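Data block below; observations after.
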There are 2 protein chains.
Amino acid sequence: MTKTDTLPPIAHPAREEITVEGVLRALADPVRLAIVRQLAATGQEIACGGLTVPVTKSTLTHHLGILRQAGVVAGRQEGTTRFNSLRRNDLDALFPGLLDGVLAAPR
Amino acid sequence: MTKTDTLPPIAHPAREEITVEGVLRALADPVRLAIVRQLAATGQEIACGGLTVPVTKSTLTHHLGILRQAGVVAGRQEGTTRFNSLRRNDLDALFPGLLDGVLAAPR
DNA sequence: GTCGTAGTTCGACAGTCACCGTACTACGCC
DNA sequence: GGCGTAGTACGGTGACTGTCGAACTACGAC
């Protein structure tokens, strides 16, 4: 059928699809770690333009894509703005303590 | 003086030298994750030859070097055998919950 | 001394990755 | 409609990384 059934704008992995290795690989980059830290610090959604990272827009899109594919962040489209949020519930449920351990680290 | 003062055979980072990013990067590889899992499962030292990994000896040496540099594992030389152990104390002190979260993950 | 075993070192090679600039789409406002 | 802004897609490039085989060192046993 050609009607607009559900029409998911962005693809995210289901909770069961998230793997430790994918998450670790996603977090093992200074830029992505900075993104996650900012999302965790505010505890709110942040638009791409609201993230403070030392890379260009295209590179930022690249990193957000990796974080999204790994199941670390979720994206919500609203107009031309894309709001990113941390999938804390899923990560804490799958890997309890992991995210807190990473975020608590001084460096 | 040229006497044998302490004479550390293998160089490991001090606890303060360990960084989150380094640890994450070290763990973000299936082979290294398998090594860490085996070390954690037994809770004891394991010689290089006692590790079950699908790579050659030289590649295994390479991975152990990365894990050691990151401060994840410690190596102790005894004759021609090198015993590897998990630096659980240091990791738990620096990043509480991180290692447990990783190890508890089903995949 | 000789031999076998444990592990490291040294290129070399293929694949991946972070990064960028440019071009493009989509939305909102005038 | 026309324009500016938000973000994505694409193509390319340099750097890093995982992998291997072969050569090497070091220790222990015979």
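All values below were derived from every heavy atom in this structure, side-chain atoms included, with hydrogens, water molecules and symmetry-related copies excluded. None of the values given here were measured: they were computed from a predicted structure. Chain A is the first sequence line, chain B the second, and so forth, proteins listed ahead of strands; every chain is numbered from 1.
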Which residues share a side-chain hydrogen bond (donor to acceptor under 3.5 Å, both in side chains) with [X], sequence neighbours left out:
| X | value |
| --- | --- |
| A/Ser58 | A/Thr56 |
| A/Arg37 | none |
| B/Thr81 | none |
| A/Glu78 | A/Arg76 |

Residues that [X] engages under salt bridge (charged side-chain N to carboxylate O under 4.0 Å, His left out), provided they are two or more places apart:
| X | answer |
| --- | --- |
| B/Asp100 | B/Arg88 |
| B/Arg32 | none |
| A/Arg68 | none |

Contacts of type side chain to side chain contact (heavy atoms under 4.5 Å, CB included), residue B/Thr61, not counting sequence neighbours: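 Applying side chain to side chain contact (heavy atoms under 4.5 Å, CB included) to B/Thr61 gives none.
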Would you please name every residue forming a side chain to side chain contact (heavy atoms under 4.5 Å, CB included) with B/Ser85, sequence neighbours left out?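 Counting only residues at least two positions away or on another chain, B/Ser85 forms a side chain to side chain contact (heavy atoms under 4.5 Å, CB included) with B/Glu45, B/Ala74.
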Give me the residues of residues 24-35 of chain A where at least one heavy atom lies under 4.0 Å from an atom of DNA chain D, by number, or none.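 Going residue by residue through residues 24-35 of chain A, none turns out to have a heavy atom under 4.0 Å of DNA chain D.
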When you measure from the side chain of B/His12 to the backbone N and O of B/Gly71, does any donor-acceptor pair fall under 3.5 Å?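 Checked: no pair found.
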Using whole Å, what does the distance between atom C1' of nucleotide C/dC17 and atom CD of B/Glu21 come to?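 Going from CD in B/Glu21 over to C1' in C/dC17 covers 14 Å.
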5' to 3' on DNA chain D, which nucleotides open and close the contacts with chain A (atom under 4.0 Å from a heavy atom)?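 Here the contact window of chain A covers D/dA6 to D/dA9.
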With sugar-phosphate taken as primed atoms, P, OP1 and OP2 and all else as base, the protein-contact string of nucleotides 3-10 of chain C at under 4.0 Å (heavy atoms; B, S, -) is ---SBBB-
